[in-house]
Amino acid sequence: MSSSRRQYPFHLIEPKWQKIWDEREAFRAFNPGDEIPPTHPFALRHKVSGKVSAAQLPPKFYILDMFPYPSGSGLHVGHPEGYTATDILARYKRARGFNVLHPMGWDAFGLPAEQFAINTGQHPRKTTEENIATFKRQIKSLGFSYDWSREIATTDPDYFKWSQWIFLKLYNSYFDKEKNSARPIAELIENRKLQIPNEPESSLRAFVDSHRLAYIGQVPVWWCEELGTVLANEEVVDGKSERGNFPVVRKPMQQWLLRITAYAEKLLQDLDIINWTDSLKEMQRNWIGRSEGAEVDFQVAGSSEKIRVFTTRPDTLFGATYMVLAPEHKLVNEITTADQRDAVAKYKGEVANKSDLERTELAKEKTGVFTGAYAINPVNQEKIPIWIADYVLASYGTGAIMAVPAHDTRDFEFATKFNLPVVQVVQPPDAKMDWHGFVGDGVSINSSGPNISLNGLSTAEAKKKITEWLESKGLGKRTINYKLRDWLFSRQRYWGEPFPVVWKRSTNGTLYHEALPDSALPVLPPELKDYKPTATGEPPLARAKDWVNLPDGSQRETNTMPQWAGSCWYYLRYLDSKNPNAFVGKEAEHYWMSGKSAGVDLYVGGTEHAVLHLLYARFWHKILFDLGFVSTPEPFFKLVNQGMVLGEDNQKMSKSRGNVIPVDVPVRDVGTDALRLYEMFMGPLEMVKPWSTRGVEGVYRFLGRVWRLFVDEKSETEFEQAETTTDPNKHSELLKLVRLDAAITDVAPTAPQLKTLHACIKKVTEDLEGLRFNTAISALMVFVNEAMTWETKPAAVMADFLILLHPFAPHLAEELWEKLSAIGKQPSANLAYSPWPEFDPALLVENEIEIPVQINGKLRDVIKVPADADNAAIQAAALASEKIKPLLESKSIKKVIVVPKKLVNIVAS
RNA sequence: GCCGGUGUGGCGAAAUGGCAGACGCACAGGACUUAAAAUCCUGGGACCUUAAAAAGUCGUGCGGGUUCAAGUCCCGCCACCGGCACCA
């Protein structure tokens, strides 16, 4: 790359315009109530200034990037792919007259800074600030049109004050099933007091605490020894921690949880009202994992106990030949007979010691033990043995199943191994099919008892009949189960938001928690010298005794919130990032989040957050919506996942492979405009695609062609010579030496020139609306290739082209626009706020069109006909073609198909 | 195993059911140059013929089908990528 000659002085142009944009605050987005300076380009474009109301502002467009975690290693060329796409759209929408909100910030709490603190003692805040500085410098060097006045960092106390505040809203709310909505906990308390007057305080507290959306639970959690913290289900991948890839184990611990399961149905249903890709919606659907079925009670033989099972196939109840409980099921010890006690205890011990990996990944063979007890099948009164086995999960359904080996793969494997009976109760639709382990729908057979028969019914009918029967007898009911578990929300870390909660002891000695008042926010973390957990395994915050122990004898919660807390609502803070009185002001929230496309208009980010951030943020948003703090049920109206950028070797970029390309390299060698253009030219936004240094040079050359299309060659030579003899600090002034090409004049465009321009306007506009950046860029290239041949270049055409170019290569476009100002034809002094050119279809009309002529579907000729020729004329011209005639001589024409203005196909034999 | 996505020249890719390969990279030839770089012009899917061309045949992962016409629609496979995975 260093061997090639510089295409154009991007090294002067890019810093120049970045500085000008900063000084003008060119991309500041204005809220209702803001004071707009009359000289601001937005004021000039929209003819509004001073204090404005929402009604005076143009329609809004909110374009959001997933804010980055500022790591120490800086940005590589994969990072700006999504940022470039959103920036292009932001600039395009500004040109279309929208009030565009395009913000950036930092998801700055996180493990690496804390690990560094443990190793070196450097405060995580310092590490974080340094990393933010690096990221900000790099992102600014890319020339994105962010409104930096709204910049946020989740680690800023003015920010996390509101993360804590929202937590308190969750803590002080419950989910009202009847209203299908979150409600203030005070309503629950009031109702409870009406129902049970004079309830003892501890009992009332237990009731209330068990309904909060943020609650303490003693649950089996994922503990990661290496990280010294617990992790959420979503953060565990294949038995390892998502961050760091360390082993995790199940361990019952007392932790904070958020009741996301209460929102399972809403989170599922509202996927239908948002414009996301099917694959992403599907991932969330799978994660929520809704399944419809029935709960059925089985009496334990010779006992008063009942065991409730969940099944999606109640129609196969007659085929239940045994029952299986999860080893952790609470009735196991109670029902186990004396002679099976040892075997059961031994098995439970084995299961408890198995890692999650052993229990799922490696456990190809089914294991289990008979409890000695029997259950009574309610439909036919048959006694079936009760087993325990670890293929039944305690955490799903009721932790117990009825086993129907004939029609369930797992039950079939188990029954085969332990020689349990297999009874067919479903006839497959294809009689020749083997019914052993057949799990599809069919017709019920062998399904008749003293009081009910399902024989002859289809699976769907049988399900309905048996469920109604069970309900009528009080033996079961229709149920919906979800795979989704409540969200584990506490971490044993230093570098996170402390919980605004204290622990107190009641008069009878029991410990209870209590929320701090809003006035206590923000709760700042204490200063520490040592960031490790304590010797007794308590979180690092427990080291700060003065901080933990409050004067009134209560103690602070020493867990902190996970990183997701800050990213769950940051898109709302951007709307009103400096508001000291609320997490977002009402008017700002309403202006930016409501409208035709409710919420964020376009959100671009990677797939890695499909079930993490994107699910959590939807959940919080829905609570805030229920409580009346936001005006839309969903936060992100349209969401696009950009595909990953691979290294030049077609592998995922990673330090260990040595194929990482830092953004600084292309920015130095070809400039950010070329980098931006290449990021988009590589291929469709959503696709995974490899980086190519050659490819970057290709678009860099294109920008050089644009430069040469506009500037006078001689003046550029003078500029280059001056550059070698001038003080580098004065170089940017030298840009003035470069003059506009003399061929650019204020003349009327010719018809072909207008046609070239308008074809480009049409293609670029349509492609931007469809996020097809790669083909939009190729349309710009087509224009330039054509315009290079022009002897005179009408200023008006060239100006319109610059408007089309500017979202993609804003620095170069601004520089050329400034030079074009000398001609005085451009409509506005500010390119970034110049109206997008309108496409005129009349200018694309051709006099003559080319029509391919096929014989039996094979191309044989291309003829020219007048554009207004009718089908008969086109057919006549095709048959008259000198190339076509001889080919038809020995054939008879069966049929001639004429597609108007498109094609002729002659069917002949 | 289940769900989703992708498969087109040497490479990145483009094509409302209507001329497959736009645009770009790499490559080759030419112009400019003492020379190189840069720039500008030209060429290009494969095969078969040919001095060169014209003409012809084949061609969008594989096998079928619908249609005057299929990269595109339908049926059945294969490969790769991503997600979920004993969820009853």
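Worth knowing before you read on, the calculation uses all heavy atoms, side chains too, and leaves out hydrogens, waters and symmetry mates. Per chain, numbering begins at 1; letters A, B, ... match sequence-line order.
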Trainee: Which listed nucleotide (B/C68, B/C23, B/A88) is nearest to the side chain of A/N785?
Mentor: B/C23
Trainee: Which value, in whole Å, describes the distance between the P atoms of nucleotides B/G10 and B/A22?
Mentor: 14 Å
Trainee: Within the 4.0 Å heavy-atom criterion, would you say A/R485 contacts the bases, only the backbone, or no part of the nucleic acid?
Mentor: nothing
Trainee: Pick the closest RNA chain B nucleotide for A/V782 and for A/S279 by heavy atoms, then say which residue is nearer the 5' end.
Mentor: A/S279
Trainee: Just to be sure I understand the rule, does A/G289 reach a base, reach only the sugar-phosphate, or reach nothing, if contact means heavy atoms closer than 4.0 Å?
Mentor: nothing
Trainee: Could you give the CZ-to-C1' distance, from A/F681 to B/C25, as a whole number of Å?
Mentor: 9 Å
Trainee: Side chain of A/W287 only, please: which of B/C68, B/G83, B/C84 is the nearest?
Mentor: B/C84
Trainee: Looking for any heavy atom pair under 4.0 Å, which part of the strands does A/T312 touch: base, sugar-phosphate only, or nothing?
Mentor: sugar-phosphate
Trainee: Identify which nucleotide among B/C40, B/G83, B/G18 has an atom closest to any side-chain atom of A/R708, counting heavy atoms from C-beta outward.
Mentor: B/C40
Trainee: Which label fits B/G9, syn or anti, where anti is any glycosidic angle not within 90° of 0?
Mentor: syn
Trainee: Would the base of B/C86 count as contacting A/K366 through its side chain, where contact means a donor and an acceptor less than 3.5 Å apart?
Mentor: yes
Trainee: Should B/G44 form a Watson-Crick or G-U wobble pair with both distances under 3.5 Å, which nucleotide is its partner?
Mentor: none
Trainee: Could you measure between the two P atoms, the one in B/A38 and the one in B/U50, and give it in whole Å?
Mentor: 40 Å
Trainee: Given the C1' atoms of B/A14 and B/G63, what is the spacing between them in whole Å?
Mentor: 27 Å
Trainee: Select base, sugar-phosphate, or nothing to describe what A/N774 touches, counting heavy atoms under 4.0 Å on all strands.
Mentor: sugar-phosphate
Trainee: B/A53 and B/C47: how far apart are their P atoms, nearest whole angstrom?
Mentor: 14 Å
Trainee: So do the side chains of A/E328 and A/V351 get within less than 4.5 Å of each other, counting heavy atoms only?
Mentor: yes
Trainee: Any strand counts, and the cut-off is 3.5 Å on both contacts for Watson-Crick or G-U wobble. Which nucleotide pairs with B/C11?
Mentor: B/G24
Trainee: Taking the side chain of A/K483 as its heavy atoms from C-beta onward, which of B/C84, B/A13, B/G18 lies nearest to it?
Mentor: B/C84
Trainee: With a 3.5 Å limit on both atom pairs, tell me what B/A79 is paired to, counting Watson-Crick and G-U wobble, or say none.
Mentor: B/U6
Trainee: Looking at every non-hydrogen atom in both residues, tell me the closest pair between A/H407 and A/F438 and how far apart they are.
Mentor: ND1-O, 2.9 Å
Trainee: If we take the P atom in both B/U57 and B/G61, what is their distance in whole Å?
Mentor: 22 Å
Trainee: Can you measure A/L859 atom CG to B/C19 atom C1' for me and round it to whole angstrom units?
Mentor: 5 Å
Trainee: Do A/K858 side-chain and B/U57 base share a donor-acceptor contact under 3.5 Å?
Mentor: no
Trainee: Report the nucleotide, chosen from B/C19, B/C25, B/C3, that has the shortest atom-to-atom distance to any side-chain atom of A/E282.
Mentor: B/C3
Trainee: Between B/A70 and B/C19, how far apart are the C1' atoms? Round to whole Å, please.
Mentor: 14 Å
Trainee: With respect to the side chain of A/M781, which nucleotide from B/G24, B/U57, B/A88 is positioned closest?
Mentor: B/G24
Trainee: Would you call A/K762 and A/E766 a salt bridge, using N to O less than 4.0 angstrom?
Mentor: yes
Trainee: Should B/C84 form a Watson-Crick or G-U wobble pair with both distances under 3.5 Å, which nucleotide is its partner?
Mentor: B/G1
Trainee: Mind checking A/M788 for me? I need base, sugar-phosphate or nothing, with any heavy atom below 4.0 Å counting as a touch.
Mentor: sugar-phosphate
Trainee: Compare the minimum distances between each of B/A26, B/G56, B/A88 and the side chain of A/D408, then state the nucleotide with the smallest one.
Mentor: B/A88
